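Keep in mind that what you see is a predicted model, and the values were worked out from it rather than measured.
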Amino acid sequence: IVDVIVAQNQSITSVTEANGSVLANEFVELHPEVSGRIIYLNIPEGTTVTKGTILARINDSDLQAQFNKIKVQIELSQKTEQRLTKLLSINGIGQAEYDVALNEVNSLNADLEYTKVLIDKTILRAPFSGVIGLRQVSQGAYVTPATILATMQQVNKLKVDFTVPEEYSGVIRKGTVVEVAVEGQNNSRCKAVVIAREPQINQTTRNLLIRAILSNCTANPGTFAKVYFSSGSARSSITIPTNAIIPDDKNKKIVVINGGKAAYAFIETGVRKEGFVEITKGISVGDTIVVDGVLFARPDKPVKIRSVKTNEQLSYK
């Protein structure tokens with residue numbers, strides 16, 4: 001005794017599902033450029049700061065002393081150069097002696113600029129406007145360029161990275177619109193526009209990495225996301241419940257009824273949807289397919305049809 005469906009063509013939209021992660025538009029770990037003791041720390045955890053805000057200062061007293069020393073040396077060398085300029089104009093000295101004095105001025109000015117750069121490296125500024133994460137150090141701590149003071153993220157715009165099998169590399173291009181379901185958003189979907197894709201396919205997973213910009217979506221960076229995209233135009237095809245398929249070592253088969261008896265039909269499948277699968281080869285419209293009692297049907301043995309179902313009835317089962 002079996003339940004059956006009659007194979008019929010149905011409209012299929014080839015929507016493919018991929019896994020992804022939500023990313024901040026910008027993300028950076030805040031490291032000092034030089035080693036030293038922190039004398040000023042301004043890291044408001046969980047607060048938005050603007051680009052250029054001073055977040056930390058490293059002790060630079062030695063560099064400031066060197067800076068002042070070079071300034072004094074420049075003043076003296078400039079006076080010397082000015083005196084020699086007057087003497088050169090009346091041939092009181094040779095050109096070589098004057099060039100030495102001028103070179104001294106230029107060299108000290110270069111040293112002053114170099115010291116300014118070193119002092120600037122002791123100041124950590126916000127590289128962009130964004131939200132500061134949790135502070136990892138305290139004021140007075142000795143830090144190195146390897147020390148993470150905090151993280152900073154720009155979350156007013158979000159991105160999503162997802163991977164697709166290489167067979168879809170010709171489907172998703174720059175500008176393609178996809179739908180994104182973010183974990184914890186009550187099954188609501190956001191739109192995202194593909195902005196770039198990795199040019200090389202991962203040789204281990206054979207997947208292609210895609211990046212898209214989310215619009216009107218609220219989520220925390222790192223949140224798991226499901227990405228849905230169309231992998232082809234809508235078409236008419238036969239679909240059957242997945243539980244009607246009998247898996248085999250090499251083939252897939254189903255039970256069909258011919259003349260009141262059961263028979264196996266070997267099939268090939270296409271797009272899968274929830275609970276159903278597209279049949280691309282092996283059966284035709286009008287074939288009677290066993291969907292319940294499959295394991296009890298035997299080839300060339302008579303069967304009794306209890307009821308004829310439809311895909312709509314089975315989808316609510």
Side-chain angles (χ1 to χ4, degrees), residues 1-20 162-172 176 178-179 181 187 189 201-208 210 224-317:
I1 300 176
V2 296
D3 294 332
V4 300
I5 62 170
V6 177
Q8 295 179 344
N9 280 328
Q10 292 188 331
S11 179
I12 295 179
T13 302
S14 300
V15 176
T16 303
E17 177 183 307
N19 295 331
F162 60 99
T163 56
V164 299
E166 60 182 340
E167 62 188 275
Y168 298 116
S169 60
V171 175
I172 298 185
T176 300
V178 299
E179 290 188 338
N187 297 323
R189 294 186 182 182
I201 291 173
N202 187 298
Q203 296 183 2
T204 302
T205 62
R206 314 308 305 180
N207 287 337
L208 183 65
I210 311 291
F224 176 78
K226 286 283 189 182
V227 180
Y228 302 90
F229 62 94
S230 175
S231 56
S233 58
R235 62 184 183 277
S236 183
S237 188
I238 298 172
T239 61
I240 65 171
T242 52
N243 60 0
I245 299 175
I246 303 172
D248 203 344
D249 292 339
K250 296 182 180 180
N251 302 297
K252 299 173 184 175
K253 57 187 178 182
I254 59 175
V255 178
V256 297
I257 297 178
N258 289 323
K261 293 184 178 181
Y264 286 143
F266 294 95
I267 60 171
E268 294 181 6
T269 59
V271 175
R272 287 182 177 269
K273 299 191 296 183
E274 185 177 0
F276 292 87
V277 63
E278 176 191 15
I279 305 301
T280 58
K281 188 177 180 181
I283 58 175
S284 303
V285 174
D287 288 348
T288 303
I289 302 165
V290 176
V291 294
D292 196 2
V294 173
L295 299 180
F296 299 103
R298 295 290 180 267
D300 296 325
K301 298 295 183 180
V303 293
K304 181 180 179 180
I305 298 175
R306 179 171 53 192
S307 63
V308 179
K309 304 287 187 179
T310 64
N311 281 351
E312 288 74 17
Q313 290 175 323
L314 293 171
S315 64
Y316 294 109
K317 188 174 180 180

Inset, instruction - Start with the C-alpha gap between Ile240 and Val277, add the side-chain angles, then the distance that decides, and say whether side chain to side chain contact (heavy atoms under 4.5 Å, CB included) holds. - result: CA-CA 6 Å; Ile240 65 171; Val277 63; 4.1 Å; yes

Inset, instruction - For Ile289 and Ile283, run side chain to side chain contact (heavy atoms under 4.5 Å, CB included): C-alpha distance rounded to whole Å, both residues' side-chain angles, the deciding distance at 0.1 Å, then the answer. - result: CA-CA 9 Å; Ile289 302 165; Ile283 58 175; 3.4 Å; yes

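For Val291 against Asn243, the heavy-atom pair with the smallest separation is O-OD1, 4.1 Å. Of all non-hydrogen atoms in Val303 and Ala262, the two that sit nearest each other are CG1-CB, 4.0 Å. Shown here for Pro241 and Phe276, the closest heavy-atom pair between the two residues is N-CD2, 3.7 Å. Counting all heavy atoms, side chain and backbone alike, Ser230 lies closest to Val171 at O-CG1, 3.2 Å. Between Val2 and Gly293 the shortest heavy-atom distance is CG1-O, 3.7 Å. Listed here is the closest heavy atom pair of Pro299 and Tyr264: CG-CE1, 3.4 Å.
Between Val255 and Ile246 there is a side-chain heavy-atom pair separated by less than 4.5 Å. For the pair Ile279/Thr239, no side-chain contact is recorded, criterion being any heavy-atom separation below 4.5 Å from C-beta on. In this structure, the side chains of Phe162 and Asn19 stay at 4.5 Å or more apart for every pair of heavy atoms. Under the 4.5 Å side-chain criterion, counting only non-hydrogen atoms from C-beta, Lys309 is in contact with Ile5.
To the nearest 0.5 Å, atom CG of residue Asp300 and atom NZ of residue Lys261 are 6.5 Å apart. Distance NZ/Lys281 to NZ/Lys252: 14.0 Å, rounded to 0.5 Å. Once rounded to the nearest 0.5 Å, the distance linking CG of Asn251 with CD1 of Ile245 reads 12.5 Å. Expressed to the nearest 0.5 Å, how far CG of Asn202 lies from CG of Asn207 amounts to 7.0 Å. Rounding to the nearest 0.5 angstrom, the gap separating the OH atom in Tyr228 from the OG1 atom in Thr16 is 11.5 Å. Of the inter-residue distances, the one linking Lys253 atom NZ with Ile267 atom CD1 reads 11.5 Å to the nearest 0.5 angstrom.
Residue-environment remark: CZ (Phe296) stays at or below the threshold of 12 foreign heavy atoms within 6.0 Å.
Under the side chain to side chain contact (heavy atoms under 4.5 Å, CB included) rule, Ile210 has a single partner from Thr163, Val178, Thr176, Ile172, which is Ile172.
Arg306 pairs by the side chain to side chain donor-acceptor pair (under 3.5 Å) definition with Asp3, not counting sequence neighbours. For Glu167, there are no salt bridge (Lys or Arg N to Asp or Glu O under 4.0 Å) partners two or more places apart in sequence or in a different chain.
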